[in-house]
Amino acid sequence: MIFANIAFANIATHLWTQDACLEHATVVPLPTFTARFRPYFISAAAFSLLLNLLLLVPALFMLQVFDRVLTSRSIETLMMLLVFAVGALLFMAYLDVIRSRLLTAAAVALEKLLGPRVLSEMIRRQATPGGGEALHGLHDVNSLRAFLTGPGILALFDSPWVPIYVLVIFLFHPLLGAVAFIGALIMLALAVLNEKFARQPLEAMQLDSRKAGRFAERSIANAEVARALGMVDSLARGWETLSRNGLGNQLRASRVASVLTSITRFMRQFLQVAMLAAGAWLVIEQQATPGVMIAGTILLSRALAPVEIAIAGWKGLVDARSAYGRLDTLLSSAPRDEAVTELPAPLGALEVERVVFGFRAQDRPVIKQVSFELAAGQALAIIGPSASGKSTLSRLIVGLWKPAVGTVRLDGADIAAWPRQRLGPYVGYLPQDVELFAGTVSQNIARMGEVDSAAVIDAARRANAHDLILHLAQGYDSHIGEGGAFLSAGQRQRVALARALYGKPRLVVLDEPNSNLDAEGEAALIEAIRSMKADGVTLVIVTHRSTLLSAMDRILVLREGLIEKFGPPSEVLKPGRPRGPGDQPAMVAGQIQPKA
């Protein structure tokens, strides 16, 4: 027991050491990450060694009782054997608890250290075009954690002891050993068949279930539109179609698993009967004692138990293996922090250099050779018809997406390569679709970090949202619900604007910031823009309304991904002759390099 406590203490110390190391690490590839947990598994294997040695005690106890106690009728011998056996079994139970605690500690540490990294990568993927395939990463982490705390991994630790038990049975008698050896081969063959026939439908069922789950999540997220337009039944049928394939694969896997599980259970019971019959024959032929017969049967039962447990819980093993593969792919493709040297705080000078961007599913790029410059503190309005690439350009400017060709620079540094944790405090971004989080107003303005009350109120004042927030039921401490459901569209937009201004960023990108505002809200927005300009903040605003243009230093007209006009409002908005079908744009990227 002292040895077990010391071992557990050493592993606990290792846990905290590795915890501290990984907390400061960048993205860790999954094989490297799991290698750090090797001491857990080595210790669990060592405890399994002791456990399985102690599991020989019941068989040896039976052997001694039948062959010595019953023949000698010695109560003293029986009591000594009983004390020894009970002590060994109590120590075995204690080791089993320690082993379970080790694996539970490994599972908790895995979720604690791997979960935040997976969530970060999921957020990064979701913020990039076509990055929604990693949405179930946390479910995969839970699958690994559940496997580490379930009976399946214990069966894996105990399975290597099957040959040892068979060898001990051989020492009792070659015939009993032959029965045990043949039985072990049959159980191994059943495990191989289970892997061959059950793995594919189980993995297909997982994939189909993930697709159906994703469809259900999106349907629930758009519940208001679905109910208003009478789409509920159609969405239910769509989910049913996606789910039907998963149910079919589940049915196939269940049929295979049920047959093989039943065969496995039958074979285990049959082998025990065969072992008992063989032992009885040897006793009749006076080639073995009754103790050998009983001990051999008990050992065979113990030898085959891990295989039966593994086959019964094969789905958990397949789930864990698939989850490991997906997480390995997810984390191995995650970018490392590109910069080691921390750059100084940016002033806000913006350069867009011949940027080209497109989606994989489209033949033509959305943004085509766009170039312009803004000095720190200048304000730019991006206007143009719908589907001209304005929102895409705003995402490129803020560094959310990386251009296929060209570079967006902030104070000369590539904004897409700037580590987001360092760049975030200096950037404000208000997307076209306002996204708020469940929590209070102050938590949302503080970007869900530690709330600095003075900074929160300052950001709200600069966004001219302070009075609006004070009129809420609990002011800044008002809970806004999931996605800001308790606020109106205009209130959500003004709170999101305050969030964009939190911490006094040097570059602020606003995509349709007045789309949900009334006249009072729009006047407040114009006042906020003038205040930001006075503070030297570089502004980029996507808008369809002319009311904001008077506060701008530059206007960029975007059409079909090309710059049509760029310059001061007095020049860009100057009336000109109508364009004919064959006319070329007044200004395209590549012909000029407009300066601030």
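Heavy atoms only: backbone and side chains are in, while hydrogens, waters and symmetry mates are out.
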- Query: Would you find a donor on one side and an acceptor on the other, under 3.5 Å apart, between the side chain of Arg499 and the backbone of Ala446?
  - Reply: no
- Grab the two heavy atoms, one from Arg447 and one from Pro425, that are nearest each other, plus how far apart they are. NH1-CA, 4.1 Å
- Carefully, step by step, assess Leu89 and Met92 under the rule side chain to side chain contact (heavy atoms under 4.5 Å, CB included). CA-CA 5 Å; Leu89 292 177; Met92 181 188 69; 3.7 Å; yes
- Heavy-atom closest contact (Leu102 atom, Tyr40 atom, distance): O-CD2, 3.7 Å
- Query: Roughly how far, to the nearest 0.5 Å, is the CD atom of Gln443 from the CE atom of Met448?
  - Reply: 5.0 Å
- Query: Do you know which two heavy atoms are closest between Ala305 and Arg268, and how far apart they sit?
  - Reply: CB-NH2, 3.7 Å
- Query: Stepwise, does the side chain to side chain contact (heavy atoms under 4.5 Å, CB included) test hold for Leu154 with Leu103?
  - Reply: CA-CA 9 Å; Leu154 297 180; Leu103 294 175; 3.6 Å; yes
- One should read off an interatomic distance between Leu176 CG and Leu171 CG, to the nearest 0.5 angstrom, of 11.0 Å
- What pair of heavy atoms forms the shortest contact from Ile415 to Gly399, and how long is it? CG2-CA, 3.9 Å
- Minimum heavy-atom separation for Gly428 to Pro505, with atom names? N-CB, 3.7 Å
- Task: Drop me the distance from Met293's CE to Leu63's CG, to the nearest 0.5 angstrom.
- Result: 11.5 Å
- Query: Does the pair Arg99 and Ser43 meet the rule for a side chain to side chain donor-acceptor pair (under 3.5 Å), with working shown?
  - Reply: CA-CA 8 Å; Arg99 182 176 67 169; Ser43 299; over 6 Å; no
- Message: Once rounded to the nearest 0.5 Å, what's the spacing between atom CG of Leu271 and atom CG of Leu276?
- Response: 12.5 Å
- Using a cut-off of 6.0 Å, state whether more than 12 heavy atoms not belonging to Gln286 lie near its atom CD. no
- Flag side-chain contact, heavy atom, 4.5 Å: Phe66 against Thr289: no
- Polar side-chain atom of Asn444 near backbone of Phe437 as donor-acceptor pair, under 3.5 Å: yes
- Atom pair CG (Leu304) and CD (Gln272), whose distance is rounded to the nearest 0.5 Å: 7.5 Å
- Item | Side-chain heavy-atom pair Leu53, Leu49 within 4.5 angstrom cut-off | yes
- Is it true that a side-chain atom of His173 and a backbone atom of Leu175 form a donor plus acceptor pair closer than 3.5 Å? yes
N/O donor-acceptor pairs under 3.5 Å from side chains in residues 161-170, not counting sequence neighbours:
| from | atom 1 | to | atom 2 | distance (Å) |
| --- | --- | --- | --- | --- |
| Tyr165 | OH | Asn52 | O | 3.1 |
| Tyr165 | OH | Asn52 | OD1 | 3.0 |

- Task: Verify side chain to side chain contact (heavy atoms under 4.5 Å, CB included) between Val405 and Phe357, making sure each step is shown before the conclusion.
- Result: CA-CA 7 Å; Val405 178; Phe357 179 83; over 6 Å; no
- Item | Leu156 and Phe147, any side-chain heavy atoms less than 4.5 Å apart | yes
- Check whether any side-chain heavy atom of Val69 lies under 4.5 Å from a side-chain heavy atom of Ser74, and answer yes or no. no
- How about Met62: does its CE atom have over 12 heavy atoms from other parts shown lying under 6.0 Å from it? no
- Query: Does the ring center of Trp418 lie less than 6.0 Å from the ring center of Tyr426?
  - Reply: no
- Note on the structure: CG of Leu54 to CZ of Phe47, rounded to nearest 0.5 Å, is 12.0 Å
- Message: Quick one, Leu410 and Leu423 - any side-chain contact, counting heavy atoms below 4.5 Å?
- Response: yes
- Message: Please check: side-chain N/O of Ser301 versus main-chain N/O of Thr297, any donor-acceptor pairing under 3.5 Å?
- Response: no
- Task: Mind listing the closest non-hydrogen atom pair of Lys402 and Ala416 along with its distance?
- Result: CG-CB, 4.0 Å
- Query: Taking it one step at a time, do Phe172 and Leu282 satisfy side chain to side chain contact (heavy atoms under 4.5 Å, CB included)?
  - Reply: CA-CA 11 Å; Phe172 287 162; Leu282 291 175; over 6 Å; no
